[in-house]
Amino acid sequence: MTVVVGVDVGGSGLRVQCRYADEPGPVLAGTGARVGTAGINVAALAADARSLLDDTGVTEPDVVVWGMRGLLFLADRTEVLAQVHAELGASRTVVTSDAVTSLVGAIGGLRPGAVVAAGTGAVAFGSDFADHWNRVDGWGHVLGDRGSAAWLGLEGLSAALRARDGVPGGSPDLLAAGEARFGPVDGWPRRVMTTADAPHALASFAPDVAAAASGDPVAADLCARAGKALAESLLAAASGLAAPVLTGTGGLLRAAPVAAALHERLGEAGQVLQPATGSALDGALTIASHVAETGTTPEHPAYLIAR
C-alpha cells in the first residue's frame with residue numbers, strides 16, 4: 001500500500017497528514033517554526049514530524065512533501081532537504097515553499113494558477129509548475145505586504161493621527177477606534193513599532209478600519225486601496241500563465257469592502273476570483289500523490305527541490 005505524507009510548517013504550528021492509497025488519515029499537529037539567529041530550527045521540526053509519524057505507525061513513507069514557511073529567506077533549502085529526508089525516511093522527499101503548497105491546495109491541483117494570501121501579511125504566487133514561478137510581495141510590513149491586514153491597520157492608524165494633528169486626510173472615527181483598541185495615542189508608537197508582535201498589533205486594527213468603512217470615507221478609501229493592491233499583486237503573479245485559475249486566501253478577504261474592491265479590479269482586468277478549494281496541507285498531499293503516481297516532480301531551485 002502506497003503511503004504519502006504531507007507536512008505544512010507555519011509560524012504557529014506544524015501539521016502532518018498521511019494518505020494511505022486514496023484514504024486520508026487524521027491531521028496531526030505539532031509546534032510551528034522556531035526561528036533564531038541561525039534561521040529556522042529544521043532539526044527540531046523534523047524530529048517533531050518523526051514523532052507524529054511514529055504515532056501513526058508509519059516508518060518509511062513512499063513520499064514526503066515538506067511545505068515550509070520561511071524556506072526562501074530563513075533556511076538553506078539543500079540542508080532542509082537533507083535533514084527531512086534523513087529524519088523521515090521516505091523513498092522520495094520533496095521540500096517546497098508554502099507558497100507552492102498554498103497555491104496547489106487553493107486551486108486543487110498542479111495546473112496554471114495564482115493565489116493571493118491576505119492575512120497579517122500579503123504575498124501572491126503564481127505558477128504553471130514548468131516555466132513560470134512568480135512571487136509578488138511578501139516583503140514584510142515595513143517594506144511591502146501591500147493590502148494586508150498589517151498594511152490596512154497601519155494606514156488606518158496614520159489617518160487617525162492625522163485627525164489628532166488636525167491635518168487633511170484624517171479620520172476622527174478611526175482616532176476614536178484606535179484609542180478604544182490601543183489607549184491614548186502617545187502609547188501607539190511603542191505598541192506598534194518596537195514590539196516583536198508589531199505586525200500582528202497593526203493587523204488587529206484592520207477590522208476596525210473595515211467596520212468604519214460604511215460611514216467613513218477615509219476608511220472606505222483605505223479598504224478600497226487594500227483590495228486593489230491585493231488584486232494587482234494577484235494579477236502580477238498570474239503574468240505569463242495560460243488561462244490561470246485565480247484565487248485568494250486569508251482572513252482579510254472576509255472584510256466586505258476589501259473583497260469588493262479586489263473583485264472590482266479583477267473584473268476590470270477580465271478575471272474572476274475563484275473560491276479556494278483547500279489548504280497548504282491539502283496542497284502538500286496533492287503534490288505527494290502526484291509524485292507517487294507519476295514518479296515525477298516539478299522542480300525549481302528556489303521553490304521546490306527533491307531527492
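If you're wondering where the values come from, they're calculated on a predicted model, not measured in any experiment. Heavy-atom basis, side chains included; hydrogens, waters and symmetry copies ignored.
No donor-acceptor pair closer than 3.5 Å links the side chain of R265 to the backbone N or O of G227. Side-chain atoms of R162 come within 3.5 Å of backbone atoms of G169 as a donor-acceptor pair (strictly under, hydrogens ignored). Side-chain atoms of T101 come within 3.5 Å of backbone N or O of D98 as a donor-acceptor pair. Under a 3.5 Å cut-off, the side chain of D165 and the backbone N or O of V167 do not form any donor-acceptor pair. Counting only distance, with no hydrogens or angles, the side chain of H141 and the backbone of A150 share no donor-acceptor pair below 3.5 Å. A donor-acceptor contact shorter than 3.5 Å links the side chain of R50 to the backbone of T59.
Nearest approach of L72 to A302, heavy atoms of both residues: CD2-O, 3.4 Å. Pairing each heavy atom of E299 with each of W133, the nearest pair is O-CZ2, 3.9 Å. Here the closest heavy-atom approach between residue T297 and residue R92 is recorded as OG1-NH2, 3.1 Å. Counting all heavy atoms, side chain and backbone alike, A210 lies closest to C223 at CA-SG, 3.7 Å. Of all heavy-atom pairs spanning V80 and L71, the tightest one is CG2-CD1, 4.2 Å. Among all heavy-atom pairs drawn from L230 and L262, the shortest one is C-CD1, 4.0 Å.
Looking only at side-chain heavy atoms (C-beta outward), V65 and T96 come within less than 4.5 Å of each other. Counting heavy atoms from C-beta outward, L28 and T56 have side chains that approach closer than 4.5 Å. You'll find the side chain of S91 stays beyond 4.5 Å of the side chain of E60, heavy atoms only. Side chains of P61 and V58 form a contact here, defined as non-hydrogen atoms less than 4.5 Å apart.
Between the side chains of D54 and S51, no donor-acceptor pair of N or O atoms lies under 3.5 Å.
Residues that satisfy the side chain to side chain donor-acceptor pair (under 3.5 Å) test with S289, not counting sequence neighbours, are R19. Applying the side chain to side chain donor-acceptor pair (under 3.5 Å) rule to D145 yields no partners; only residues at least two apart in sequence or on another chain are considered. D197 meets the side chain to side chain donor-acceptor pair (under 3.5 Å) test with R191, T195; sequence neighbours excluded. N134 meets the side chain to side chain donor-acceptor pair (under 3.5 Å) test with no other residue; sequence neighbours excluded.
Tracing side-chain contacts under 4.5 Å through hydrophobic residues (I, L, V, M, F, W, Y), one reaches M68 starting from V64; they form part of the same cluster. Neither L143 nor M193 shares a network with the other; the hydrophobic side chains, linked directly or stepwise wherever heavy atoms of I, L, V, M, F, W or Y lie under 4.5 Å apart, form separate groups for each. Put simply, L53 and V95 are part of the same group of oily side chains (I, L, V, M, F, W, Y) that touch within less than 4.5 Å, one to the next. A single hydrophobic cluster is not seen to contain both L234 and V245; linkage of ILVMFWY side chains at heavy-atom distances under 4.5 Å, directly or through other members, places them apart.
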Apply side-chain contact (heavy atoms from CB on, under 4.5 Å) to residues V63 and V5 and explain how you reach the verdict. CA-CA 6 Å; V63 181; V5 177; over 6 Å; no
Given the rule in the side-chain contact (heavy atoms from CB on, under 4.5 Å) test, do F129 and H300 qualify, once you have shown the distances and angles that lead to the verdict? CA-CA 8 Å; F129 306 100; H300 185 281; over 6 Å; no
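Remark: R69 is not positioned above the aromatic ring of W66, lacking an NZ or CZ atom under 6.0 angstrom from the ring centre and at most 45 degrees off the axis.
Between atom CG of residue L202 and atom OG of residue S148 there is a gap of 8.5 Å, rounded to the nearest 0.5 Å. Rounded to the nearest 0.5 angstrom, T294 OG1 and L110 CG are separated by 9.0 Å. To the nearest 0.5 Å, atoms OG1 (T277) and CG (D282) are separated by 7.5 Å. A distance of 13.0 Å separates NE2 in H263 from CD in Q271, rounded to the nearest 0.5 Å. Note that CZ of R15 and CD of Q17 are 8.5 Å apart. Values are rounded to the nearest 0.5 Å. With rounding to the nearest 0.5 Å, the separation of OG1 in T2 from CD in E293 is 9.0 Å.
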Please tabulate, for side-chain N and O atoms in residues 247-255, each donor-acceptor pair with protein atoms closer than 3.5 Å (sequence neighbours left out).
{"from": "T247", "atom 1": "OG1", "to": "Q274", "atom 2": "O", "distance (Å)": "2.7"}
{"from": "T247", "atom 1": "OG1", "to": "A276", "atom 2": "N", "distance (Å)": "3.2"}

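Residue pairs meeting the side chain to side chain donor-acceptor pair (under 3.5 Å) criterion with at least one member in residues 170-188, sequence neighbours excluded, are S171-D216, R181-D208.
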